[in-house]
Amino acid sequence: MTDVTKILDGLNEQQREAVVAPAGPLLITAGAGSGKTTVLTRRIAWLIEASGISPHRIIAVTFTNKAAREMKSRVEGLLGRSSAPYQIATFHGFSNRFLRIHHEAAGLPRDFTILDQDDQKSFINRLIKDNQLNVRNKTPREIQSYINSKKEQQLRAAQASGDSDFRSQIMGPIYELYERECNIRGLVDFAEILLRTVEVMQRNQLVRNEMHERYHHILVDEFQDTNAIQIEWLKLFGSHLNYVTAVGDEDQSIYGWRGAVAKNMLSFGSIFPNTRLVRLEKNYRSTQTILSAANSVISRNRDRFEKNLWTDREGGDPISYYSAYDYRDESQFVARKIRALYAAGMPYSNMSILYRTHAQSNIFENTLSSYKIPFRIYGGVRFFSRMEIKNSLAYLRLMVDPDNNPAFQRIINEPPRGIGEITQRRVIECAQREDVSFMQAARMIVQDESEQMRIRKPLKDFVGLIDGMESDCSELTLSRIIAHVNVHSGLRAYYLSKDTEIDKPRVENLDELINAGENFIRTNMDDTTSNEVVSDGREAITPFLDSVTLDAGDTFDEAPDTLSLMTLHQAKGLEFPVVFLVGMDEKLLPHANSMTFGTPSQINSQIEEERRLCYVGMTRAQDQLYLTRASFRLSFGVLNSYRPSRFLNEIPIEYLQKAIFESDIEQSSSDTPALTFGSEEELENLPGKLVRHNKFGEGTVIDAKAEHSCTIIRINFEDVGEKQIVMEHASLEFVGN
DNA sequence: AAAGGATGAATTTTT
DNA sequence: TTCATCCTTT
């Protein structure tokens with residue numbers, strides 16, 4: 001045994017109490033920056049090293065893969081890499097492994113396919129089209145979220161369609177069909193992974209006993225984000241001994257829209273009797289100024305525990321506030337500040353730009369590149385959700401699971417091989433008639449002499465292609481298989497031949513996928529499972545596809561010194577010396593959707609969630625926090641006006657300082673379009689003029705004024721009435737006086 | 001059957 | 001604005 005006291009080094013009293021608490025239910029409320037991951041990882045180390053718990057009796061569950069990776073590497077830092085067999089995984093990752101092992105008990109084929117969000121949506125779309133369902137005005141998206149939310153409440157289609165609410169009237173039958181089709185095809189969506197796991201644990205005593213014997217200690221990160229099914233999951237895996245540790249902060253609960261129940265923090269004690277409660281209230285991250293401002297904002301929420309988060313980092317720089325004229329102005333302010341900070345010695349990697357929605361990243365992308373600032377956007381269109389990658393993966397899928405219909409449909413004519421709509425219809429009809437998979441139907445049509453050659457020939461080639469790839473790959477490693485598939489599927493040549501700006505990176509991405517495959521093998525070499533995985537690459541395909549759908553995977557391309565851009569949701573758990581929280585406007589933060597749908601009390605709790613989002617953003621900052629907003633923003637190509645976020649008013653004025661540009665020299669060199677109406681003379685001439693706008697039609701100018709480098713013009717349109725427009729951004733045509 | 005143009009719709013957050 | 005789908009032409 002190593003020196004156990006090392007595990008407690010540098011911890012404060014509460015942290016220590018949490019780490020060494022005896023086995024039994026333990027709830028840790030951990031304010032922002034209070035060292036929650038430290039406590040969790042040290043507790044794992046403590047259980048193993050001091051309490052002598054066998055590592056393989058421990059499960060730690062997180063929500064994101066990022067958090068799981070982080071925790072894993074920190075535990076390894078404490079214990080060394082050798083003592084591997086503790087499980088640190090996401091709810092979904094762990095449950096997926098569980099289902100693969102117990103697929104028979106779960107009633108699933110061994111090679112069941114995980115549908116990610118996109119797959120699920122297009123599958124629903126297909127069902128609607130193929131069966132000509134009447135969906136009224138429901139979008140696939142609504143149907144999708146209906147199904148998922150029912151599953152998260154452990155409601156199967158049969159139970160849900162008994163519900164009398166009007167949503168179930170319309171969508172219940174679709175849920176039923178969806179459920180049936182998924183079962184036939186061995187398709188499992190994200191919600192299903194958890195629901196299926198819970199059902200197996202509830203019904204199968206053998207499996208339950210096995211799990212209870214195997215796993216004793218469960219630790220849960222971000223407990224405030226648990227939803228109903230995850231609580232059930234926790235009960236099933238943890239309540240035999242009640243050795244459950246949960247860490248959370250209800251002020252950082254930002255997944256209510258996904259069914260998270262922050263109140264689970266309150267009910268923990270009633271689920272697991274005799275819970276010990278430890279509060280971590282010392283913040284190690286931010287200055288007093290930042291912390292006080294954030295506390296002041298979050299204290300407006302009614303639905304929370306009062307808490308006393310403190311720091312010994314007294315004082316600190318005031319929070320800078322910049323109210324920009326428009327979105328360009330805002331992005332330029334941020335870019336300049338970043339450039340100035342960098343020039344003063346602050347590495348880019350110490351700074352980040354946080355925003356509410358992905359859509360906001362665009363402007364910053366453009367401005368930052370024109371300022372030559374290296375940056376990296378988290379999320380956005382993720383690598384594995386790119387079309388070409390999904391296509392290549394579909395070939396892989398078809399090799400191990402030829403009956404996979406979504407994969408079949410995805411690539412049947414990708415690249416184009418003369419199998420158009422008509423041929424595909426024949427396949428689908430045949431599959432439905434004979435009750436077989438699309439691939440089997442294709443084989444039948446190939447054999448069918450009464451069928452037209454025009455239809456049989458291309459199908460024959462396709463079937464031969466897949467069969468050929470399967471046998472070609474028997475001796476190859478995973479990455480070689482991917483390379484082989486990219487070439488022989490014709491995808492690579494196809495994108496290469498198109499030779500357009502959009503398709504050029506697709507070839508690179510396909511090649512990058514080979515590396516991703518190699519990477520996957522390497523990082524999973526150390527894992528318990530993987531020796532046989534390396535020798536036959538085909539065995540690695542399913543685990544690889546799983547990891548690809550379950551893990552968004554933005555781990556690669558670690559550039560040395562880059563600025564980070566991400567949404568507030570993605571920022572949770574991270575910290576940066578300098579944070580730019582942009583888009584501090586009503587309709588953005590709080591987001592418009594949070595205030596427009598639902599009953600007044602729903603709206604209130606939605607706004608509270610937005611406030612928590614704001615709180616999360618502010619508390620990411622260690623030393624400096626910048627808040628920016630803009631009066632005019634472009635959406636849909638139309639300029640809308642915005643008012644300052646209400647959350648700004650909730651920050652005591654003494655913590656704020658108005659920020660200004662260091663220099664405005666470059667302002668004039670920016671690429672303003674041809675129309676520039678800066679001079680007073682021109683402004684005076686504008687009123688009364690007739691103009692035509694490409695969206696609003698014709699109208700008369702009421703007045704015009706110059707502000708910053710732009711011109712605001714008020715126009716009375718014949719069709720839509722009065723509008724304010726920034727002349728430089730709109731395409732206005734002058735048609736007379 | 002495929003490609004290219006026209007028309008219409010949509011933007012919150014994620015495992 | 002951009003993306004997807006539909007409809008036309010080849």
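Here is how names work: the chains are called A, B, and so on, in the same order as the sequence lines, proteins then strands, and each is numbered from 1. All heavy atoms count here, side chains included; hydrogens, waters and symmetry mates do not.
Counting to the nearest Å, the P atom of B:dA9 and the CD atom of A:Glu142 are 15 Å from each other. Going from atom NZ of A:Lys121 over to atom P of C:dC3 covers 14 Å, rounded to whole Å. The separation between A:Gln424 atom CD and B:dA2 atom C1' is 13 Å, rounded to whole Å. When rounded to the nearest whole Å, the span between NE2 of A:His358 and P of C:dC3 equals 15 Å. Protein atom CG of A:Leu589 is 15 Å distant from nucleotide atom P of B:dT12, rounded to whole Å. Look at CD on A:Gln360: it is 12 Å from C1' on B:dT13, rounded to the nearest Å. To the nearest angstrom, C1' of B:dT15 lies 18 Å from CZ of A:Arg196. Atom pair A:Leu195:CG and B:dT15:C1' shows a separation of 15 Å (rounding to whole Å applied).
At the phosphate of B:dT14, OP1 or OP2 sits under 4.0 Å from a side-chain N or O atom of A:Thr567. For the pair A:Gln570 and B:dT14, the criterion of a side-chain N or O lying under 4.0 Å from OP1 or OP2 is met. The phosphate of B:dT15 has neither OP1 nor OP2 within less than 4.0 Å of any side-chain N or O from A:Thr549. Between A:His92 and B:dT14 there is no side-chain N or O to OP1 or OP2 distance below 4.0 Å. Checking the phosphate oxygens (OP1, OP2) of B:dT15, no side-chain nitrogen or oxygen of A:Asn96 falls inside 4.0 Å.
Heavy-atom distances to DNA chain B give each of A:Gly418 and A:His569 a nearest nucleotide, and the one nearer the 5′ end belongs to A:Gly418.
Applying a 4.0 Å cut-off to non-hydrogen atoms, the residues of residues 257-264 of chain A that approach DNA chain B are A:Trp257, A:Arg258, listed by residue number.
In this structure, A:Arg100 forms a cation-pi arrangement with A:Phe112, its terminal cationic atom sitting closer than 6.0 Å to the ring centre and no more than 45° off the ring axis. Because its NZ or CZ atom is both nearer than 6.0 Å to the ring centre of A:Tyr255 and within 45° of the ring axis, A:Arg258 counts as a cation-pi partner of that residue.
Checked by atom type, the side-chain pair A:Gln570/A:Thr567 shows a donor-acceptor distance below 3.5 Å. In summary, the side chains of A:Gln120 and A:Gln144 do present a donor paired with an acceptor at a separation below 3.5 Å, with no hydrogens or angles considered. Side-chain atoms of A:Thr357 and A:Gln360 include a donor-acceptor pair closer than 3.5 Å.
Between A:Tyr642 and A:Phe632, the ring centre distance reaches or exceeds 6.0 Å.
Nucleic acid contact for A:Gln117: base, since at least one base atom lies under 4.0 Å from a heavy atom of the residue. The residue A:Phe190 sits close to a base: some heavy atom pair falls under 4.0 Å. As judged by a 4.0 angstrom heavy-atom cut-off over every strand, A:Leu613 is placed among residues making no nucleic acid contact. As judged by a 4.0 angstrom heavy-atom cut-off over every strand, A:Asp116 is placed among residues making no nucleic acid contact. Residue-level contact check: A:Phe91 touches neither bases nor backbone, having no heavy atom under 4.0 Å from any strand. A:Ser594 comes within 4.0 angstrom of no nucleic acid atom, judged by non-hydrogen atoms across all strands.
Of all heavy-atom pairs spanning A:Cys182 and A:Phe123, the tightest one is SG-CE2, 3.8 Å.
The side chain of A:Arg356 lies closest to B:dT12 when the candidates are B:dT15, B:dT12, B:dT14.
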Listing, residues 458-465 of chain A side-chain donor-acceptor contacts under 3.5 Å, not counting sequence neighbours, or none:
residue, atom, partner, partner atom, Å
A:Asp461, OD2, A:Lys457, NZ, 2.9

